[in-house]
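Take a look at the structure set out below.
Counting starts at 1 for both ligands and their atoms, following the listed order. Computed from a predicted structure; not experimentally measured. The first residue of the sequence shown is numbered 1, and numbering continues consecutively from there.
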Amino acid sequence: MKKGSLSAAEYNARKEFIKNEVSGKVRRYFGKTVENATKREIYTAVSFTIRDEIMEKWVSYRQTADKTPGKELYYLSFEFLMGRAMGNNLMNMTETDLYRDALADMNIDLGDIEEQENDAGLGNGGLGRLAACFLDSLTNLELPAFGCGIRYEYGLFRQKIVDGYQIEMPDPWLQSGNVWEIARPEDMKEVHFGGRVEEYMEDGRLKFRHVDYNTVIAEPYDMPITGFNTETVNTLRLWKALSPEVIDMNEFNRGDYAKAIENKELAEVISKILYPEDNHYEGKLLRLKQQYFFVSATIQWIISKHKQKHLSVFDLPDYVQIHINDTHPTIAIPELMRILMDEEGLGWDDAWKIVGRTFAYTNHTILCEALEKWPMAMVDTLLPRVAQIIHEIDRRQREYLCERFPGDHGKVEYMAPIANGQVSMANLCLTACHSVNGVAALHTEILKKETFKDYYSVYPYKFKNVTNGVTFRRWLYKANRSLSDLICGAIGDGWVKDYRELDKLTPYADDAAFRDKFGKIKRDNKARLADYILNNTGVEVDPDSMFDVQIKRLHEYKRQLLKAMHIIYRYQKIIDGHPDANLSPTTFIFAAKAAPGYHMAKLIIKFINDVARKINNDPRVKDIMKVVFIENYSVSSAEKIVAAADLSEQISTASKEASGTGNMKLMLNGALTIGTMDGANVEIREQVGDDNIFIFGMSSQEVLNIYASGKSPSSELYATNQVIKRVVDTLIDGTFNSENLFYDIYRSLVIGDHGFADNYLLLPDFESYLKANGEVKMKYRDRDAWLRSAVINTAKAGFFSSDRSIEDYNREIWHLR
Ligand code: 26Q
């Protein structure tokens, strides 16, 4: 609510009400006055005040929704990277200004209070944040949906940088309480592990009974998902694992206290912690337990709800769509089969038809090391009945494939749900789901032509593309208030809910006065980020330098090392006294977490930090370049960085980045992209045109050709190209670290494994990257030309709204009303 939308008297009355609520809650909950309460206590009181308002809406929405027989979506995801809720909910209720004023009357700064909230960091990166943006957009579009996942007690680790190394710390985000969740003990479900399957006859039919199992209790916690000015309040339901018994009294009475609590802990460990590997599969038993745990509880809940509202399970697909966010929740497919057959008494064919119409699957990666393949023996032991069903799906699918490809055993093996003693979760999804989609146009083409080409030939109608998007509410309206205000002043505020309207900004790129204001806002945001960087890293950076930003998970395919090599090249040029090396002062900004077990990624973090230390302390390059590594990259630090970026680095090896979504957040905030023809960069280029983006490097086809040839050009490039050699040699000549710590990086670039050097092809793209960076530098010196492109980037970002993505999903896949 801005001051304008209420009369002055109404506004003041609301403000007094909020002040009373907050001070009343501080007294009642903490026995304190506002004056002597801690910031955290104020945060809690403010959040509960906001929550009271949301509850009213949530209750009425659920009442109507539960009575209306419409189709609902269940978005199953291992990860929901929600970030903070308070500011987001305030924005959605359009009450940010009101609360800011009310708190200011009590000498409290709303920004300070927002900083008290822990991020809900229940995700690794892109896939988890996409799930969060999708919940926002589903609600904004008033579509009925539930997010379903795990209530991890510990989110993604917190990162500290100590002596240049990443140190992982736990993230006990729930320790000081979570205002935004409500436990629903009445909806607890039992999940069964282990045991064995008994067969018996009933009414002349062979039936199956799961016996001797261990039980884990799943208790749901619900969080309201508010939309911007909507009546709809959707729900994120996260399951917590509980032991059925408090402690084992038998063991306890026998005096074995440790044993008595062991079983309890074994059950509860399931929802303790999020696995920190991103785009990398490891066949850990606990991870499989996590998968079945949340999936089984969710499917049981869906079925019990459906049966309360409808007469039969036969019409389930008319009322329920279940979306599988990457293969991680795939076990939901045999679990629904199990429930339909063993508990609802359906035969195989009827159950299979229902399953096929209910499930849809999104693929988020083509990296082989990320494709999930579980040892079948592990599934047999942990989930004996579900495993039987997977074997039967495999048997039937093989039969079908043998008819389809007579004599082609190789192909059948490749496509089968189970092969070589492993279950391929992707093949299971491709067999069962009615829809399979990639997350950017290029990615979907690669799925059709390479990764899943055989399945594409069998079921071409299942394949769709839905390009990713990001929510404009969090990533522009909230993260960059001053730019939002400028845009609203020019084209009104329709774009906040209707992404199509953002294009109205395009003509303003030619308006010098508008460009100037745009540039001043960017400058202010950079000054604010400079303060944050000073506090976070101790490095002083110049807000008038170009802010060149690479923020994302650390992965070799994302090529943070390529950017580091460019920085070193620039550094060498300045020291050489190269004539135009001093132009365009630049601040190079990195933020990234590496999986704790990913040696090369952690070494690259150390390398970047050592490069930063050396360059930042070298008086010869002072005022020309600075390098900073911001620790603990998270949703809330991303919100601070995106508003201040000039240049967005999207430099993955072509074909490797399925889509990217950071590229969209940065573009939306007026950063220009330097990037390869990979993921959604291809579509960003289509939207902004060649003059407003810097594209470099090999195409995905060229990359795939090099892999197919088995010959890497990199060793030879290193041997023959002096520029490359000089940069690469700094890895081993002690320039940045005298202890020769970086030999493994050097080795991977010039020697490699299995006779293939430089797996991510940095060296073949290096010169093209330098050239593109040269163009960036030239353009940045022409402030007007740069700003013109910046405005165009914001104006053309409409397509990358997650509202558009959700409209596409709904039109092509879910068909919700
Ligand atoms: C799987 C099995 C066992 C352990 C971990 C995993 C695992 C965990 C996380 C596998 C993959 C992930 C995450 C993948 C991911 O974030 N992919 C990104 O998805 C984004 C949204 O579609 C895309 O924009 C990115 O391009 C893609 O990398």
Considering residues at least two apart in sequence or located in another chain, which fulfil the salt bridge (charged side-chain N to carboxylate O under 4.0 Å, His left out) criterion with Glu153? Lys272
Is the distance between the ring centroids of Tyr598 and His280 under 6.0 Å? no
For a distance cut-off of 3.5 Å, show me each N or O of ligand 1 paired with any protein N or O, plus the separation.
{"from": "ligand 1", "atom 1": "16 (O)", "to": "Leu127", "atom 2": "N", "distance (Å)": "3.0"}
{"from": "ligand 1", "atom 1": "22 (O)", "to": "His364", "atom 2": "ND1", "distance (Å)": "2.6"}
{"from": "ligand 1", "atom 1": "22 (O)", "to": "Asn468", "atom 2": "OD1", "distance (Å)": "2.8"}
{"from": "ligand 1", "atom 1": "24 (O)", "to": "Asn468", "atom 2": "OD1", "distance (Å)": "3.4"}
{"from": "ligand 1", "atom 1": "24 (O)", "to": "Gly660", "atom 2": "N", "distance (Å)": "2.8"}
{"from": "ligand 1", "atom 1": "26 (O)", "to": "Glu657", "atom 2": "OE1", "distance (Å)": "2.6"}
{"from": "ligand 1", "atom 1": "26 (O)", "to": "Ala658", "atom 2": "N", "distance (Å)": "3.3"}
{"from": "ligand 1", "atom 1": "26 (O)", "to": "Ser659", "atom 2": "N", "distance (Å)": "3.0"}
{"from": "ligand 1", "atom 1": "26 (O)", "to": "Gly660", "atom 2": "N", "distance (Å)": "3.1"}
{"from": "ligand 1", "atom 1": "28 (O)", "to": "Asn279", "atom 2": "ND2", "distance (Å)": "3.2"}
{"from": "ligand 1", "atom 1": "28 (O)", "to": "Tyr557", "atom 2": "OH", "distance (Å)": "3.2"}
{"from": "ligand 1", "atom 1": "28 (O)", "to": "Glu657", "atom 2": "OE1", "distance (Å)": "3.1"}

Sorted by chain and residue number, the side-chain contact (heavy atoms from CB on, under 4.5 Å) partners of Ala416 (sequence neighbours excluded) come out as Asp394, Arg398
Judged by modelled atom types alone, do Thr673 and Gln650 share a side-chain donor-acceptor pair under 3.5 Å? no
Check for me whether Arg151 meets the cation-pi criterion with Tyr221, that is, NZ or CZ under 6.0 Å from the six-membered ring centre and within 45 degrees of the ring axis. yes
For Leu81, side-chain contact (heavy atoms from CB on, under 4.5 Å) partners two or more places apart: Arg129, Val635
